Visitor: 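Would you mind keeping the following structure in view while I ask a few things?
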Protein chains: 2
Amino acid sequence: MTSGRVTIADVARRAGVSTAAVSKVVRGAYGVSAEMQAKVTQAIDELGYRPHAAARALRGRTYTLGVMLSDTRNPFFPDIIEGVTDRLGDTEYQVLLGPGGIEPKTQARMTDAMIDRSMDGLILISPVMTDAELTAIATATPVVVVGRHGGAAAYDAVVDDDVMGARLVVDHLVGLGHTRISHITHLERARAQGLPHTVRAEGYRQAMRAHGLADDVLATSFTEVGGFEGARELLARADRPTAIFAGADIAALGVLRAADEAGLSVPEDLSVAGYDNIGIASLKRISLTSVDQDGHVIGATAARLLVERIEGRTRSVTSSVSPTLIVRGTTGRPRP
Amino acid sequence: MTSGRVTIADVARRAGVSTAAVSKVVRGAYGVSAEMQAKVTQAIDELGYRPHAAARALRGRTYTLGVMLSDTRNPFFPDIIEGVTDRLGDTEYQVLLGPGGIEPKTQARMTDAMIDRSMDGLILISPVMTDAELTAIATATPVVVVGRHGGAAAYDAVVDDDVMGARLVVDHLVGLGHTRISHITHLERARAQGLPHTVRAEGYRQAMRAHGLADDVLATSFTEVGGFEGARELLARADRPTAIFAGADIAALGVLRAADEAGLSVPEDLSVAGYDNIGIASLKRISLTSVDQDGHVIGATAARLLVERIEGRTRSVTSSVSPTLIVRGTTGRPRP
DNA sequence: GTCTTCGTGTAGAACGTTCTCCATTGGTAG
DNA sequence: CTACCAATGGAGAACGTTCTACACGAAGAC
């Protein structure tokens, strides 16, 4: 099978030097003459040599970074991934994605698998696990956590300022004249803290209080169905809200469907706002008011922090990205 | 860094046996007594030993399967991935995804990287490369190609019957009374053959011919913008089509936007159909008529074929999945 | 001239597995 | 009682790298 593989020994033989010398050239290490450099690179090119990452793993780097995805379906992830790969495009690092699933158990299995494959570092996107578990992982390998607030000392964190994002939405809706504004959030089974939806819900509560309004939070799930069912419940009430702020755009899409089915027109009868500003939100047919997180920047920042940490930084860093509100057609003045 | 790692030697010491014996137990190999089995598994549990995949790579399996994604943004991929992981869930194999990008160059780089990391097998989703390149990869490691027609002998293939899918759409539109039906396809820069969009376009042509109608294919790209610009061009014509069949749902969404901006109502002035039946297509607000591929089945089939091939099958297999047409609100009778 | 020092190259031991022999044991056929 | 065999466990060589020593020569300092 691997019969055809060109090894470092082949290159060394061809160039008439030792394998150690070839290794130095490949790694750009100290102590190589210009002549040696030339000889070896020529041999490498002639033979088409590529270092065997798995073999490297046993001694040094693998030049592999892992990104654990908690939910492959979330349309917001591609932005982050693109940010990561763009940032890493001209480096030697390769990015591999691990579908971790929604369950804490499967996520733990995936991170273990990544560590077992000696990845040089891990980016965990909205991981659902305790701080203790997170710290345990971070002692085994450099870690950057995306989307969880209150990061610990052992790892870096990149977060969206979710409190601010929620406030932007509430301020906007109140500015339009709404007073009965409900919030749909995600119900978490695990004991993880500082997850985006929790913080968004808290930001929503704070903002409502600041305006002297009563808050109303309903927990379903961040899926189209979750948004649909949550909205159906809210809209069935006698004093139904005039605006619904969903903690994620996918859920907001479900809210829109519920409004359609209930025969309510948006935004006249009901204003709807989401969070994440996913691609579809900008489609004329949807035109969803949403909070934009700039996933590209988040991904690029995570990649930068991870490489820094791999290359020696030990002091922990938390980077916060400010969201912006994108006002579109699903929010407007309530009927008097 | 890796100081804390429990190795096979630790387990062997603890159980009072040789490392070779532990290896046998771990792999479930032949020649282990019940007693040995018990001793070793106990030691493994006590120490929390997990085999180091990178070290394994040097001699045997890595139990890692790679899935190369040609485009992370395509909302159809999560279905395939879920099919793969579901199928592999209770096996020892781990799935890692490689964002290969749209460029042939970056895709080649990614497949190389996966081979260098000694993955046991690769699933390539709509790879953009020549058959020769594909065959070269397939000689290095087991390969299953998803979404490319006309697979070669060196690898397995899972394809959607795109000719049939295109015919379903055309038949449906003709049945409604349309005669001027245009098709938007994806313009390929590379010399790859048998890609889905090519086959869909060909299926469209065949079906139109079968109905005695003139075909009209416009090549832009399978993106929202691609669909938008293509539709804008088509709708600016004097004898503009009464129906547009986009080769992918994302492009169809762009077509809808173009229709909105042109002040055309759907489906009265323009019928629109897509391909892939992505999640959003079923939203009331979109309600896009589309061809459903059952990505879950495709992914699961690909995973099954790959494992079979890894475990010894050499005869090449091509599995074809039949699509179904999901009729929704964006298609209807043309104005007389 | 001898002693350092520096720059360059190499030998050879890791790294954590798997896998091919080989040795030992106990049982059974003759 | 011998000869053979099957079943089990172990020794030790791979696998393809990196990395720590160290050797060697040239150049400079005294």
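Below, all heavy atoms of this structure are taken into account, side chains as well, without hydrogens, waters or symmetry copies. By convention in this document, chain letters (A, B, ...) are assigned in the order of the sequence lines, proteins followed by strands, and residues within each chain are numbered from 1. Quick caveat: nothing in here was measured; it's all calculated off a predicted structure.
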Visitor: Please report the distance, rounded to the nearest Å, between CD1 in A/Ile115 and C1' in C/dG16.
Guide: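 Distance check: A/Ile115 CD1 to C/dG16 C1' gives 17 Å.
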Visitor: Check whether any side-chain N or O of A/Ser23 sits under 4.0 Å from OP1 or OP2 of D/dT18, and answer yes or no.
Guide: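 It does, given that an N or O in the side chain of A/Ser23 lies less than 4.0 Å from OP1 or OP2 of D/dT18.
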Visitor: Between C1' on C/dT18 and OH on B/Tyr49, what's the gap in Å once rounded to a whole number?
Guide: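 The answer, rounded to whole Å, is 10 Å.
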Visitor: Could you give all pairs that pass the salt bridge (charged side-chain N to carboxylate O under 4.0 Å, His left out) test and reach residues 65-86 of chain B, with sequence neighbours left out?
Guide: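 Salt bridge (charged side-chain N to carboxylate O under 4.0 Å, His left out) check on residues 65-86 of chain B returns A/Arg73-B/Asp79, A/Arg73-B/Glu82, A/Asp79-B/Arg73, A/Glu82-B/Arg73.
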Visitor: Whole angstrom is fine here: how far is it from CZ in B/Arg5 over to C1' in C/dG16?
Guide: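 Going from CZ in B/Arg5 over to C1' in C/dG16 covers 9 Å.
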Visitor: Could you pick out which residue, B/Arg59 or A/His52, lies toward the 5' side of DNA chain D when each is mapped onto its nearest nucleotide?
Guide: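 The residue closer to the strand's 5' end, by nearest nucleotide, is B/Arg59.
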Visitor: Which part of the nucleic acid, if any, lies within contact of B/Val26, taking any heavy atom under 4.0 Å across all strands shown: a base, the sugar-phosphate backbone alone, or nothing?
Guide: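 Result for B/Val26 = nothing.
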Visitor: Can you sort out the partners of B/Ile8 under side chain to side chain contact (heavy atoms under 4.5 Å, CB included), two or more places apart, ordered by chain and number?
Guide: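 Side chain to side chain contact (heavy atoms under 4.5 Å, CB included) check on B/Ile8 returns B/Thr19, B/Val22, B/Ser23, B/Tyr49.
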Visitor: Could you state the OH-P distance from A/Tyr30 to D/dT20, rounded to the nearest angstrom?
Guide: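 In whole Å, D/dT20 P and A/Tyr30 OH are 15 Å from each other.
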Visitor: Starting the side chain at C-beta, find the nucleotide from C/dG9, D/dG9, C/dC19 nearest to B/Met36.
Guide: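 Nearest to the side chain of B/Met36 among the choices is D/dG9.
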Visitor: Could you tell me how far apart B/Arg117 (CZ) and D/dT17 (C1') are, to the nearest whole angstrom?
Guide: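 In whole Å, D/dT17 C1' lies 14 Å from B/Arg117 CZ.
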Visitor: Ignoring backbone atoms, test whether A/Ser33 places a side-chain nitrogen or oxygen under 4.0 Å from the OP1 or OP2 oxygen of C/dG7.
Guide: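 It does not, given that no N or O in the side chain of A/Ser33 lies less than 4.0 Å from OP1 or OP2 of C/dG7.
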Visitor: Closer to the 5' end of DNA chain D via nearest nucleotide, is it A/Arg50 or B/Val32?
Guide: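 The answer here is B/Val32.
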Visitor: From the set D/dG10, D/dC19, C/dG16, return the single nucleotide nearest to any side-chain atom of A/Ala20.
Guide: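 Closest nucleotide among those given: D/dC19.
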Visitor: If you look at every strand shown and take non-hydrogen atoms under 4.0 Å, does B/Ala21 touch a base, only sugar-phosphate, or nothing?
Guide: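 Sugar-phosphate, no base atom in range.
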Visitor: Under a 3.5 Å threshold, yes or no: a donor from one side chain and an acceptor from the other, between B/Thr130 and B/Glu133?
Guide: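 Yes - a donor-acceptor pair under 3.5 Å links their side chains.
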Visitor: Before accepting this row, confirm whether a basic side-chain N of the pair B/Asp120/B/Arg309 lies closer than 4.0 Å to the acidic partner's carboxylate O.
Guide: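 Salt bridge between B/Asp120 and B/Arg309, a charged N being under 4.0 Å from a carboxylate O: no.
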Visitor: Quick one: closest heavy-atom pair of A/Leu96 and B/Gly98, and the distance?
Guide: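 In terms of heavy atoms, the two residues are closest at CD2-CA, 4.1 Å.
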Visitor: Counting side-chain heavy atoms from CB outward, which of C/dG16, D/dT18, D/dG10 is closest to B/Ala55?
Guide: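 Nearest listed nucleotide: C/dG16.
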Visitor: What is the distance, to the nearest angstrom, from the CG atom on B/Leu58 to the P atom on D/dT18?
Guide: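 Spelled out: CG on B/Leu58 to P on D/dT18 is 12 Å.
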Visitor: Inspect the contact between A/Arg313 and A/Asp156 and indicate whether a charged nitrogen and a carboxylate oxygen are less than 4.0 angstrom apart.
Guide: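 Looking at A/Arg313 together with A/Asp156, the answer is yes, because their closest N to O distance falls below 4.0 Å.
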Visitor: Quantified as the angle between the terminal helix axes (five pairs each), what is the overall bend of the helix from C/dG1-D/dC30 to C/dG30-D/dC1 to 10 degrees?
Guide: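 That helix has its two terminal axes inclined by roughly 50°.
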Visitor: From NZ of A/Lys24 over to P of C/dG9, roughly how many Å is that when rounded to an integer?
Guide: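 From A/Lys24 NZ to C/dG9 P: 8 Å.
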Visitor: Rounding to a whole Å, what distance do you find between A/Tyr63:OH and D/dT18:P?
Guide: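 It is 7 Å, rounded to the nearest whole Å.
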Visitor: Scan side-chain atoms only and decide if B/Arg117 and B/Thr62 contain a donor-acceptor pair under the 3.5 Å cut-off.
Guide: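 Side-chain D/A pair, B/Arg117 to B/Thr62: absent.
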